[in-house]
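What you see is a predicted model, and the numbers here were worked out from it, not measured in a lab. Order of appearance sets the numbers: ligands from 1, and atoms from 1 within every ligand. What you see below is based on every heavy atom in this structure, not just the backbone, and it leaves out hydrogens, waters and symmetry mates.
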Amino acid sequence: LENGSLSIVVLGASGDLAKKKTFPALFHLYRQGFLPPDEVGIFGYARTKISNDELRTRLHGYLIKDKDASPEQLDVVSKFLNLIKYVSGSYDSEDGFLLLDKEISEHESLKNSAEGSSRRLFYFALPPSVYPSVSKMIKTCCVNKSDLGGWTRIVVEKPFGKDLQSAEQLSTQIGELFDEPQIYRIDHYLGKELVQNMLVLRFANRLFLPLWNRDNIANVQIVFREDFGTDGRGGYFDQYGIIRDIIQNHLLQVFCLVAMEKPVSLKPEHIRDEKVKVLQSVLPINYDEVVLGQYEGYRDDPTVPDNSNTPTFASVILRVHNERWEGVPFIIKAGKALGARKADIRVQFKDVPGDIFKCQNQGRNEFVIRLQPQEAMYMKLTVKQPGLEMSTVQSELDLSYIQRYQGVTIPEAYERLILDTIRGDQQHFVRRDELKASWEIFTPLLHRIDKGEFKSIPYKPGSRGPAEADELLEKAGYVQTHGY
Ligand code: BG6
């Protein structure tokens, strides 16, 4: 980290995201020494009129579970909480932001030595409707004004727009105020350990280089499942649906890393160039290759309209029109209120030509990357059944992180990504053209759904989703394997 003061402002400080994700991530960074107290000031900003102490009390329980905390741990928590100052104000008038600027400037004058620069990070834990006005207020009242250098950066969360047009409009509004290197569009899936591992896996292993293509791979699945519904978030969710909530951002980012070509180098621009290219190579979605679902009971939420058709489940096949992937279906699936909480990537290889073991009905080679829970990678292989007989069985080469990396704590996605924003590394953030390309893929389908031209099929909570999704998978050529 550079020298000089660092001011981190959490906008929307009293909201859910801030309490559950942003502040805990900052706390973990602080605890590990990444936010030195002689540089850092943390500011919470929101409309709610509460005192510093009230905010601190509210946050306490999210930072540490009291019952297992030692006095030393509690001491670290209170030191961290003491770094936080709360400023209340509206999102569209200057008064609050001028006050915020005053607080930040005071902090800077206390912390900066003669050669210190001023770094200001603004984290938008806010509804996107206020992004334009908040960006404007920051630009007008709160940017770094130090002659000694430093920077101003903003971190924006999804949902970033509702379709291509609204996303582009938002990008333009913010783009008029801040330059692209100042804008960090966060997608927390890019902070997950096994998502970050994807490029290493693909491009640092000779084994995969010749196999990762249409000659060898039959199909790829990227699947997200949750075993709970939209509990308490129905009002938000109903406006968006599962495609905007999970697929257009989180799963599409994972898709990019699985399908993109090798970047020229690890420079953020090189990586993002390749992600854009593969997104642009995706063919228009064929509506026969889409299944939408809605779990029974979703509409019981009083904030959800009785006749809502919003999908809480979707399975969509993406087809990539390039030399590597022509003909290989990428089945992207996400669902709420299913039987398990699990996210994984499944790469299924083709059958062995000229099979002499007649073992093919036992299943194909499949490489599975489990993003969560319990990070793991395993490769399904056919081996000889141990014993006197010459028979075959399917088994796994298994790399479970919990066993292989005992004692290693896997950082939280948000923790890692916030550190990147302080370090100025945009590799794991979504660039404007990438965002645009991802909306281009889904906007026509979303518009059809919004017009009610695509019906969500009801499914039972705790199930696998609509049976039609399994049929789609089978039609795409997926062969059920045994084992895991
Ligand atoms: C969020 C979605 O972006 O991701 C939620 O809005 C979802 O609906 C969450 O539950 C899933 O994140 P994770 O890290 O728990 O898989």
Side-chain angles (χ1 to χ4, degrees), residues 12 15-22 24-25 28 62 123-129 131 155-162 167 184-198 221-255 257 292-295 298 301 303-304 308 310-314 332-345 369-376 401 409-418 428-430 435 438-439 442 446 456 461-462 465:
D16 240 30
L17 178 69
K19 278 189 300 206
K20 290 187 182 153
K21 300 289 184 189
T22 323
H28 291 149
Y62 290 95
Y123 194 106
F124 287 34
L126 294 167
S129 53
Y131 286 3
V155 185
V156 287
E157 274 280 348
K158 65 148 247 267
F160 202 84
K162 281 195 90 173
Y184 288 71
R185 295 181 198 84
I186 201 165
D187 182 316
H188 80 282
Y189 265 60
L190 290 176
K192 292 192 187 268
E193 183 66 38
L194 285 203
V195 176
Q196 297 207 338
N197 185 46
M198 211 50 226
Q221 286 183 71
I222 300 173
V223 183
F224 165 97
R225 296 190 187 95
E226 258 174 1
D227 55 359
F228 49 89
T230 56
D231 318 351
R233 297 169 75 223
Y236 148 79
F237 192 87
D238 203 66
Q239 299 292 310
Y240 289 87
I242 197 82
I243 296 180
R244 293 182 178 99
D245 190 47
I246 305 282
I247 295 184
Q248 175 271 337
N249 33 64
H250 303 329
L251 299 194
L252 206 56
Q253 283 298 323
V254 174
F255 159 81
L257 296 168
L292 303 180
Q294 188 188 76
Y295 68 86
Y298 167 70
D301 182 328
T303 55
V304 172
S308 168
T310 300
T312 59
F313 175 102
I332 318 284
K333 186 155 65 179
K336 298 231 169 224
L338 298 176
R341 176 173 179 261
K342 222 177 193 186
D344 50 32
I345 305 168
I369 300 151
R370 195 196 301 138
L371 307 180
Q372 66 189 32
Q374 288 157 2
E375 292 84 349
Y401 274 43
T409 312
I410 295 182
E412 267 286 311
Y414 276 99
E415 195 180 318
R416 228 191 276 259
L417 295 175
I418 292 177
H428 302 295
F429 294 82
V430 182
L435 180 79
S438 68
W439 277 118
F442 287 103
L446 288 165
S456 297

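- Nearest heavy-atom pair across Leu435 and Val430 is N-CG1, 3.8 Å.
- A salt bridge is absent between Asp16 and Lys21; no separation between the charged side-chain nitrogens and carboxylate oxygens falls under 4.0 Å.
- Among all protein heavy atoms, the one lying closest to atom 6 (O) of ligand 1 is Asp245 OD1, 2.6 Å.
- From the protein, the heavy atom lying nearest to atom 1 (C) of ligand 1 is Lys158 NZ, 3.5 Å.
- Nearest non-hydrogen protein atom to atom 11 (C) of ligand 1 is Glu226 OE2, 3.5 Å.
- In summary, the atoms of ligand 1 found under 4.0 Å from a heavy atom of Lys336, numbered by their order in the structure, are 5 (C), 7 (C), 8 (O), 10 (O).
- Taking 4.0 Å as the cut-off, Phe237 does not count as a neighbour of ligand 1 on heavy-atom distance.
- Among all heavy-atom pairs drawn from Lys333 and Gln221, the shortest one is NZ-OE1, 4.2 Å.
- Using bins of under 30°, 30° to 60° and over 60° for the plane-to-plane angle, the ring pair Phe237/Tyr298 lands in the perpendicular bin.
- A side-chain donor-acceptor contact under 3.5 Å links Gln196 to the backbone of Leu190.
- Protein heavy atom closest to atom 16 (O) of ligand 1, with residue, atom name and distance, is Tyr189 OH, 2.4 Å.
- If you check each of His188, Lys192, Arg225 against atom 4 (O) of ligand 1, the one with the closest non-hydrogen atom is His188.
- Ligand 1 places these atoms under 4.0 Å from at least one heavy atom of Phe224: 11 (C), 16 (O).
- With contacts defined as side-chain heavy-atom distances shorter than 4.5 Å, the pair Tyr123/Glu157 qualifies.
- If you check which protein heavy atom lies closest to atom 15 (O) of ligand 1, you get Arg341 NH2, 3.1 Å.
- Salt-bridge annotation for Glu193 and Arg416: present, with a side-chain N of the basic residue lying under 4.0 Å from a carboxylate O of the acidic one.
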